[in-house]
Amino acid sequence: MTTPTRPGRRRRCAATFSALSLTVAGLAGCSTSAASGPSASASVSAFSVDGVSVSGAIGTKPSFLISDSTQTTKAFTADDVVVGTGPAVTSNDSVTVQYAARSAKTKRQFDSSWDRGTMYTFVPGKTAFPAFSEGVVGMKAGGRRLVVVPGALAFGVNPPASTGLGANETLVFVIDLVSVGASSSG
């Protein structure tokens with residue numbers, strides 16, 4: 001297996017606006033670039049970008065390591081670990097994902113659909129949280145994506161108490177896109 005450093009689609013956005021303005025205005029100022037990367041048929045053994053290393057096969061809960069430098073990131077990023085197949089997700093599609101989420105500061109997992117045993121189904125354009133509203137747009141079914149959300153764009157100064165997160169913690173998500181449903185009408 002090869003260990004790509006920057007495969008697939010990459011989105012980077014300056015974290016110069018508040019989480020509230022992100023919800024209202026979207027990700028203005030984002031840039032998207034394409035790079036070559038593995039296809040959905042690849043079983044990922046390891047992937048590393050911007051201080052985060054991900055390992056494990058698609059469809060299974062990933063393992064990931066986060067360097068200390070990741071906690072100070074100021075840019076939203078979404079990197080394809082494995083590019084899926086079929087049409088790319090739009091903000092109006094219904095999607096079903098599996099995901100695991102960690103704090104870049106403490107490295108502690110604070111959420112995982114795999115651990116709950118329940119996949120998460122949603123419409124990106126109807127979700128305010130950037131990991132899901134912008135992090136899955138452009139993915140294809142069977143793909144895996146690494147998403148880094150700076151603290152100001154994540155929960156800001158008031159994270160939900162149930163997460164155990166501190167104010168403005170950068171969050172790291174590994175998301176597997178299980179399926180893409182029909183587009184919604186609004």
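The figures here come from the full heavy-atom set of this structure, side chains too, leaving out hydrogens, waters and symmetry mates. For clarity, every value in this text was computed on a predicted model and none was experimentally measured. Nothing fancy with the numbering, it's 1 onward along the sequence.
- Annotation for K107: atom NZ counts as buried by contact number, over 12 foreign heavy atoms lying within 6.0 Å.
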For this session: Assess whether salt bridge (charged side-chain N to carboxylate O under 4.0 Å, His left out) is satisfied between K61 and D115, documenting all intermediate values.
Result: CA-CA 8 Å; K61 183 179 174 186; D115 290 353; 3.0 Å; yes
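- F76 and L165 fall within the same hydrophobic cluster, defined by Ile, Leu, Val, Met, Phe, Trp and Tyr side-chain heavy atoms under 4.5 Å apart, directly or through other members.
- Within the 3.5 Å criterion, the main-chain N or O of L146 finds no donor-acceptor partner in the side chain of D79.
- Side-chain contact between D80 and R144 is absent, with no heavy-atom pair separated by less than 4.5 Å.
- When side chains are defined from C-beta on, V54 does not count as touching S63, because their heavy atoms never get closer than 4.5 Å.
- A donor-acceptor pair is defined here as one N or O able to donate and one able to accept, closer than 3.5 Å; such a pair exists between the side chain of S133 and the backbone of F129.
- The minimum heavy-atom distance between A78 and R145, with the atom names listed, is CB-CD, 3.7 Å.
- With hydrogens and angles ignored, the 3.5 Å screen pairs a side-chain donor or acceptor of S67 with a backbone N or O of G51.
- Closest approach of L177 to A141, counting heavy atoms only: CD2-N, 3.6 Å.
- One hydrophobic cluster holds both V147 and Y120 under the rule that ILVMFWY side chains link at heavy-atom gaps under 4.5 Å.
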For this session: Start with the C-alpha distance between Q98 and S113, add both sets of side-chain angles, then the distance that settles side-chain contact (heavy atoms from CB on, under 4.5 Å), and finish with yes or no.
Result: CA-CA 6 Å; Q98 289 273 38; S113 63; 2.6 Å; yes
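- The two residues T72 and S69 make their nearest non-hydrogen contact at OG1-O, 3.0 Å.
- Using a 4.5 Å heavy-atom threshold, the side chains of L171 and V148 count as separate.
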For this session: Start with the C-alpha distance between D111 and R116, add both sets of side-chain angles, then the distance that settles salt bridge (charged side-chain N to carboxylate O under 4.0 Å, His left out), and finish with yes or no.
Result: CA-CA 9 Å; D111 194 10; R116 283 193 312 277; 2.3 Å; yes
Exercise. Going through the checks in order, is the side-chain contact (heavy atoms from CB on, under 4.5 Å) test met by V97 and V178?
Worked result: CA-CA 5 Å; V97 301; V178 176; 5.6 Å; no
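- In this structure, the side chain to side chain donor-acceptor pair (under 3.5 Å) partners of T106, at least two apart in sequence or on a different chain, are S103.
- Two rings, from F64 and F173, have their centers 6.0 Å or more apart.
- Side-chain contact annotation: T96 with T121, donor-acceptor N/O pair under 3.5 Å present.
- With sequence neighbours left out, the side chain to side chain donor-acceptor pair (under 3.5 Å) criterion links Q71 to no other residue.
- D93 and P124 make their closest contact through O-CD, 3.0 Å (heavy atoms, listed as atom of the first residue, atom of the second, distance).
- Hydrophobic clustering keeps W114 apart from V136 (ILVMFWY residues linked when any side-chain heavy atoms are closer than 4.5 Å, directly or through intermediates).
- Evaluation of the ring pair (Phe, Tyr, Trp, His ring centres under 6.0 Å) rule for Y99 yields F132 as partners, not counting sequence neighbours.
- One hydrophobic cluster, built from ILVMFWY side chains closer than 4.5 Å, holds both M139 and V180.
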For this session: Quick one: do V81 and V174 satisfy side-chain contact (heavy atoms from CB on, under 4.5 Å)? Show the steps, please.
Result: CA-CA 9 Å; V81 175; V174 177; 5.7 Å; no
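- A distance-only check finds a donor-acceptor pair linking the side chain of T127 to the backbone of V123 [under 3.5 Å].
- Closest heavy-atom contact between P159 and G166: CG-O, 3.5 Å.
- Closest heavy-atom contact between F110 and T163: CB-O, 3.5 Å.
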